[in-house]
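If you're wondering where the values come from, they're calculated on a predicted model, not measured in any experiment.
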Amino acid sequence: CGPLPQKQALLQAVAERLTRMLWLRRERALARRREDIFSAIVSLAEDGIALVDVETLGFVEFNDAACRLMGYTRDEMSGLGLPDVQAAMNEAETRDMISHHMPNDHHEFDTLRRRKDGSLVHIHVSTKLLTLDGRLYLSQIWSDITQRMTAQRALMDERARLQTILDATHAGAWEWV
């Protein structure tokens, strides 16, 4: 039992360490690849995507579409939070809505957001509560529904106009089945 078993033990230890290092390198490369894929998907999305810190309501991460939708540069957007863009609710109402819907984990709603230029945009929000490193976040997808809301409003106005005409002329309406 001389130096040969010691050399074999040393070689075994070196082999195990190299195997572990190669495995870690491979895992890091796979993680970078997944991150690149998700980054490409998020950056190409037409809808705004944002990660909001529940405690501060600040934007932690967001895609370029969120910036375009709200009219801000990335630098400007990074210094903002939900209360800065939320037109339909103040900060207290926003916090109340978050705490009310937190147990549901996922929530969808329509709201108004205020762009940098002050104009309002109708947004459909899909939000999901996440816990990352012990901290709560809202993952949000923002879809611009302004055109849909405008079309619905025009349709309702036209229906009201036609009903006024029917009422004024005492004409009936028929439905063909």
Side-chain angles (χ1 to χ4, degrees), residues 19-157 159:
T19 300
R20 199 170 340 144
M21 287 174 51
L22 290 173
W23 181 83
L24 283 172
R25 185 176 290 166
R26 181 178 173 272
E27 288 298 310
R28 286 184 188 135
L30 288 173
R32 273 194 304 275
R33 183 173 184 274
R34 280 191 305 272
E35 186 176 321
D36 290 345
I37 289 169
F38 285 122
S39 178
I41 291 169
V42 168
S43 69
L44 293 174
E46 290 188 29
D47 289 337
I49 301 172
L51 185 68
V52 179
D53 184 313
V54 169
E55 184 179 325
T56 67
L57 297 182
F59 296 123
V60 177
E61 292 287 341
F62 44 85
N63 67 351
D64 291 340
C67 296
R68 282 191 306 274
L69 183 60
M70 301 313 300
Y72 290 100
T73 66
R74 285 195 71 76
D75 284 343
E76 291 169 329
M77 190 86 166
S78 67
L80 300 177
L82 277 179
D84 299 310
V85 299
Q86 187 60 42
M89 294 178 268
N90 62 31
E91 183 174 342
E93 292 167 325
T94 301
R95 288 186 183 282
D96 185 55
M97 182 178 179
I98 291 169
S99 65
H100 177 73
H101 292 289
M102 264 191 188
N104 299 337
D105 189 42
H106 180 261
H107 183 62
E108 293 189 28
F109 60 96
D110 295 340
T111 189
L112 278 174
R113 296 273 164 92
R114 186 174 312 282
R115 292 182 170 135
K116 179 181 176 180
D117 66 7
S119 65
L120 298 178
V121 60
H122 291 273
I123 300 288
H124 178 77
V125 178
S126 178
T127 187
K128 180 170 177 53
L129 186 64
L130 302 173
T131 302
L132 302 170
D133 297 326
R135 196 167 176 100
L136 291 173
Y137 297 93
L138 294 172
S139 173
Q140 296 191 329
I141 298 175
W142 306 340
S143 302
D144 184 348
I145 58 169
T146 303
Q147 288 181 340
R148 183 179 83 190
M149 296 298 284
T150 302
Q152 285 177 343
R153 181 81 225 154
L155 182 61
M156 287 175 26
D157 290 348
R159 277 191 176 150

Could you walk me through whether Val54 and Leu129 pass side chain to side chain contact (heavy atoms under 4.5 Å, CB included), step by step? CA-CA 9 Å; Val54 169; Leu129 186 64; 4.1 Å; yes
Any chance CD of Glu108 has more than 12 other-residue heavy atoms, nucleotides or ligands included, within less than 6.0 Å? yes
At what distance, to the nearest 0.5 angstrom, does CG of Leu80 lie from CG of Asp75? 11.0 Å
How far apart are the closest heavy atoms of Ile123 and Val125, and which atoms are they? CG2-CG2, 3.6 Å
Any non-hydrogen side-chain atom of Arg148 less than 4.5 Å from a side-chain atom of Asp110? yes
Look only at the side chain of Asp47 and the backbone of Ile141, and say whether a donor-acceptor pair between them is shorter than 3.5 Å. no
Take Phe59 and Val85 through the side chain to side chain contact (heavy atoms under 4.5 Å, CB included) test and state the conclusion after the steps. CA-CA 11 Å; Phe59 296 123; Val85 299; 3.9 Å; yes
With distance as the sole criterion, is a donor-acceptor pair present between the side chains of Thr146 and Asp144 under 3.5 Å? yes
Looking at Val60 and Val52, what are the two nearest heavy atoms and their distance? CG2-C, 4.5 Å
Start with the C-alpha distance between Met77 and Arg74, add both sets of side-chain angles, then the distance that settles side chain to side chain contact (heavy atoms under 4.5 Å, CB included), and finish with yes or no. CA-CA 5 Å; Met77 190 86 166; Arg74 285 195 71 76; 5.7 Å; no
May I ask you to check whether Gln86 and Arg113 show a side-chain donor-acceptor distance below 3.5 Å? yes
Within 6.0 Å of CD in Gln147, more than 12 heavy atoms from elsewhere: no
Working to the nearest 0.5 Å, report the span between CG of Asp84 and CD of Glu76. 11.5 Å
From Tyr72 atom OH to Phe62 atom CZ, the distance as rounded to the nearest 0.5 Å: 12.0 Å
Pairwise distance CG(Leu138) to CG(Leu51) - rounded to 0.5 angstrom: 8.0 Å
Sequence neighbours left out, what passes salt bridge (Lys or Arg N to Asp or Glu O under 4.0 Å) with Arg135? Give chain and number order. Asp53, Glu55
Pairs touching residues 113-138 that satisfy ring-ring contact (aromatic ring centres under 6.0 Å, His included), sequence neighbours left out: none
Are Gln140 and Leu82 close enough, and set up right, to give a side chain to side chain contact (heavy atoms under 4.5 Å, CB included), and what steps lead you there? CA-CA 11 Å; Gln140 296 191 329; Leu82 277 179; 3.9 Å; yes
Kindly compute the distance separating CZ (Arg68) from CD (Glu46), expressed to the nearest 0.5 Å. 8.5 Å
Once you round to the nearest 0.5 Å, how far does CD of Glu91 lie from CZ of Arg95? 4.5 Å
